Amino acid sequence: YADLQGLPPLLIQVGSDEILLADAERFAARALAAGVDVILETWEGMFHVFHMLSFLPETKRALESIAAFVSQRLGA
């Protein structure tokens, strides 16, 4: 219920099998409605904290997406 105006750009990554999927979708929608630059990436078949499993190809792609997001926002 917070005022989300003024938040920095957000990248939200969530798995399609994530227990918090609906929460991530609601938060992204509310942030977008508040004028926040937000990207929601839903990773098919992934679960909570899939980023911790370095052997998954999705993990590598998700981390590359994070790096690109940060690089674009920092102008690097």
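Since we're looking at a predicted model, the values are computed, not measured.
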Notebook entry, point to check: In terms of hydrophobic clustering (I, L, V, M, F, W, Y; side-chain heavy atoms under 4.5 Å; direct or indirect links), are Val49 and Phe55 co-clustered?
Noted result: no
Checklist line | Value rounded to 0.5 Å, distance of CD in Gln13 from CD1 in Ile66 | finding: 4.0 Å
Check: Rounded to the nearest 0.5 Å, how far apart are CD1 of Ile39 and CG of Leu10?
Finding: 9.5 Å
Item checked: Minimum heavy-atom distance Ser16-Gly45, with the two atoms named -> OG-N, 2.6 Å
Next item on the list: Just grab all the salt bridge (charged side-chain N to carboxylate O under 4.0 Å, His left out) pairs involving residues 53-69, residues at least two apart or on different chains.
Entry: Lys60-Glu64
Next item on the list: Quick one: do Phe47 and Leu53 satisfy side-chain contact (heavy atoms from CB on, under 4.5 Å)? Show the steps, please.
Entry: CA-CA 11 Å; Phe47 41 84; Leu53 302 176; 3.5 Å; yes
Checklist line | Contacts of type side-chain contact (heavy atoms from CB on, under 4.5 Å), residue Leu4, not counting sequence neighbours | finding: Ala2, Leu7, Phe27, Arg30, Ala31, Ala34
Checklist line | Residue pair Val36 / Pro8: nearest heavy atoms and the distance that separates them | finding: CG1-O, 3.6 Å
Next item on the list: Might you point out which heavy atoms bring Gly15 and Thr42 nearest each other, and give the distance in Å?
Entry: C-CG2, 4.3 Å
Notebook entry, point to check: Hey, are the side chains of Val14 and Glu41 touching, using non-hydrogen atoms and a 4.5 Å cut-off?
Noted result: no
Note to self: So, using side-chain contact (heavy atoms from CB on, under 4.5 Å) as the criterion, who are the partners of Asp17 when residues are at least two apart?
What the structure shows: none
Notebook entry, point to check: How many angstroms lie between atom CH2 of Trp43 and atom CD of Glu18, to the nearest 0.5 angstrom?
Noted result: 14.0 Å
Next item on the list: Could you check if a side-chain atom of Met46 sits within less than 4.5 angstrom of a side-chain atom of Leu56, using non-hydrogen atoms only?
Entry: yes
Item checked: Within one Ile-Leu-Val-Met-Phe-Trp-Tyr cluster: Leu21 and Val38, side-chain cutoff 4.5 Å -> yes
Item checked: Side chain to side chain, Pro9 and Phe69, heavy atoms closer than 4.5 Å -> yes
Notebook entry, point to check: Hey, quick one: are Leu32 and Ile12 part of the same hydrophobic cluster, counting side-chain heavy atoms closer than 4.5 Å, chains of contacts allowed?
Noted result: yes
